[in-house]
There are 2 protein chains.
Amino acid sequence: MYLKCTSCRILHHCLWDSLSRTLLEGLLEHSLVSTYEPKEFIFHERDEAYGLYVLCQGLVKLIKSAQNNKQMIVALVHPGQLLGVTFALNGGLFPMSAQAVDLSTVLFLHRKHFDDLLQRDPSLSLLLLSYSNEQLGQTLNTLIDLVALNVEQRLAGALLQFAESAANHTNSGLVCRLPLRRAELADYIGTTPETTMRVLGKLKRENVIKIERRMITFLDIQRLRELAHSA
Amino acid sequence: MYLKCTSCRILHHCLWDSLSRTLLEGLLEHSLVSTYEPKEFIFHERDEAYGLYVLCQGLVKLIKSAQNNKQMIVALVHPGQLLGVTFALNGGLFPMSAQAVDLSTVLFLHRKHFDDLLQRDPSLSLLLLSYSNEQLGQTLNTLIDLVALNVEQRLAGALLQFAESAANHTNSGLVCRLPLRRAELADYIGTTPETTMRVLGKLKRENVIKIERRMITFLDIQRLRELAHSA
DNA sequence: CGAGCGCTTGAGCGTCCTCAAGGTTCGTGG
DNA sequence: CCACGAACCTTGAGGACGCTCAAGCGCTCG
């Protein structure tokens, strides 16, 4: 289900701010848009990287799997961000899979058009380089958190991320929709659903958070920060 | 202690194979060389990245630290490889520290000269991009190993790396020098020195390896592969 | 209204960490 | 050349954190 996307506004923001107008329009002209249902894969680990993906709407998780049917959510991708960074250039393979969490609209640019753009504006590759480095830095943070922090600290950290990205104030505190299900949350912080539940339960009992369905209320965000950062 | 390095041969290999001769010579002309004793730092986490580093001789570890004086060896850098990838371009901060393991010779290229090179040959940035992606892929592998594998599997994997990179055949099996001390080995596979010792002891008792001082003999490398890959 | 999936909680146990102590190697200076 | 201290290596005992397996409940959607 491919459509031309000439009216997509998301590209005018975020990463692409520093690009020239001609580049942006070239991107809009040659790229293809498709939508993905929740749990649908955009690409799989070890797929050949035929091009570049940009998320327009929705939420996508990047996951890496191991043999023993364990997996880890390596990153969450928000609208305006790239998927699969630039493995497309190597003609290489994706090191992880991309799977829609919510209904998502994704823009795809084939490698050949991408190469054209790079020819026209060499500064594009520098932008991508800084993006790739950003990704690397994020992954290193995930890595060190995994060895140095316990589950409660990691969970607190993840919840704080959600709070910062999409929370609304109400009279009882910050409120936002949990973007991930319990099992996904577990994969995100590198633990099991059961352990995630137990720690969530502890936070609820201590009146740090409140959860109803997919909505989470941050009753004591200061306490949550203490839990995330201290020993 | 800076010296001009016009005779360094290492740059003619490895990463730089695909660069033009003029670029290579520009690199040799403008870069500075210094040597580092074991345990000496080349740069620290959160340092401003003033330029690019290339390892000519020796061995360097990239480490990331957490509050609770835990740390993790994020990568080992061998001669011909880059340190700190290209955080230099952002004018950003290093996300990890670089510390010499063995006596090491390191080439430094200031950002301003690096920018000149990028101007002259835009394909350089693509090369760096693929290098950065390679790093990211490696880090993702470390990450998934950490959540999906136990200590024995990770240790077996690390030992196999050493065997592949620098082993000599003898009549009793493959032999090589362990590049890391016990505590470093522990930081490399994300555990404690004590646990590392216990698993090493188990492997010795089972006649999979033999260790004397810093020399390790691989008595049954096939068994080691089984331990690394299976559940 | 029923089936399936997601959520929640419990019991038991295994892996790995912590703390502690003793032995060995290495470097340095007398 | 030897002696000493420091860093490193090695092993033990004990315990905590988080995983596994299992079961019941609730929501949601066909």
Side-chain angles (χ1 to χ4, degrees), chain A residues 37-40 61 66-73 99 101-103 144-156 158 177-205 209-216 227 231, chain B residues 37-40 61 66-73 99 101-103 144-156 158 177-205 209-216 227 231:
Chain A
E37 296 292 320
K39 297 185 190 301
E40 200 176 347
K61 57 180 175 181
Q67 286 82 353
N68 23 346
N69 66 359
K70 298 194 178 184
Q71 62 180 26
M72 173 106 192
I73 295 184
Q99 191 181 12
V101 174
D102 298 331
L103 180 66
I144 190 67
D145 283 355
L146 215 47
V147 297
L149 271 42
N150 62 26
V151 170
E152 186 176 56
Q153 294 170 319
R154 280 179 271 148
L155 179 58
R177 178 175 168 277
L178 269 180
L180 302 178
R181 297 178 174 287
R182 299 295 183 274
E184 292 176 320
L185 195 50
D187 286 341
Y188 190 50
I189 62 177
T191 185
T192 59
E194 294 93 334
T195 300
T196 304
M197 278 308 310
R198 277 179 246 281
V199 179
L200 279 179
K202 179 169 177 289
L203 293 178
K204 279 189 274 189
R205 257 177 281 118
I209 58 170
K210 188 172 62 177
I211 297 185
E212 291 166 353
R213 315 267 252 84
R214 294 287 292 271
M215 300 306 290
I216 179 170
L227 289 175
Chain B
E37 295 293 320
K39 297 186 190 303
E40 201 176 347
K61 58 180 175 182
Q67 287 83 350
N68 23 345
N69 66 357
K70 298 194 180 185
Q71 61 180 29
M72 174 108 192
I73 295 184
Q99 190 180 12
V101 174
D102 299 329
L103 180 66
I144 190 67
D145 283 354
L146 214 49
V147 296
L149 272 41
N150 63 27
V151 171
E152 186 176 54
Q153 295 170 319
R154 281 180 270 148
L155 179 57
R177 177 174 168 278
L178 269 180
L180 301 179
R181 299 176 174 287
R182 299 295 183 274
E184 291 175 319
L185 195 50
D187 286 341
Y188 190 49
I189 61 177
T191 184
T192 59
E194 294 93 333
T195 300
T196 304
M197 279 307 310
R198 278 179 245 280
V199 179
L200 279 179
K202 179 168 178 288
L203 293 178
K204 280 190 272 190
R205 258 177 279 120
I209 59 170
K210 188 172 63 178
I211 296 185
E212 292 166 353
R213 315 269 251 84
R214 294 287 292 269
M215 299 306 290
I216 180 170
L227 289 175

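Naming: A, B, ... by sequence-line order, numbering from 1 per chain.
- An OP1 or OP2 oxygen of dG6(C) is reached within less than 4.0 angstrom by a side-chain nitrogen or oxygen of Lys39(A).
- One can place CZ of Arg205(B) at 13 Å from P of dT10(D), the figure rounded to the nearest angstrom.
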Could you run through nucleotides 13-30 of chain D and give me one letter per nucleotide, 5' to 3': B if any protein heavy atom sits under 4.0 Å from the base, S if only the sugar-phosphate is that close, - if neither? B----SBBB------S--
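- Rounded to an integer number of Å, the gap from CZ of Arg182(A) to C1' of dT8(C) is 9 Å.
- What you find for Ile144(B) and Ala66(A) is that their closest heavy atoms are CG1-CB, 3.9 Å.
- Between the CD atom of Glu194(B) and the OG1 atom of Thr196(B) there is a distance of 8.5 Å, given to the nearest 0.5 Å.
- Rounded to whole Å, the distance from CG on Leu200(B) to P on dC8(D) is 17 Å.
- Glu212(B) places its CD atom 16 Å from the P atom of dT24(C), with the value rounded to the nearest Å.
- Taken from CG in Asn69(B) to CD in Gln67(B), the straight-line distance is 10.5 Å, to the nearest 0.5 Å.
- Residues satisfying the side chain to side chain contact (heavy atoms under 4.5 Å, CB included) criterion with Glu152(B), sequence neighbours excluded, are Asn150(B), Val199(B), Lys202(B), Leu203(B), Leu227(B).
- Atom-to-atom, CZ of Arg181(A) to P of dG4(C) comes out at 18 Å; the value is rounded to the nearest Å.
- Annotation: salt bridge (charged side-chain N to carboxylate O under 4.0 Å, His left out) contacts involving residues 177-192 of chain B, sequence neighbours excluded, comprise Lys61(B)-Glu184(B), Asp102(B)-Arg177(B).
- When rounded to the nearest whole Å, the span between CD1 of Ile211(A) and P of dG6(C) equals 17 Å.
- One interatomic measurement links the two molecules: CG of Leu180(A) to P of dC7(C), which rounds to 11 Å at whole-angstrom precision.
- The separation between Leu203(B) atom CG and dT11(D) atom P is 13 Å, rounded to whole Å.
- The two residues Ala186(B) and Thr192(B) make their nearest non-hydrogen contact at CB-C, 3.4 Å.
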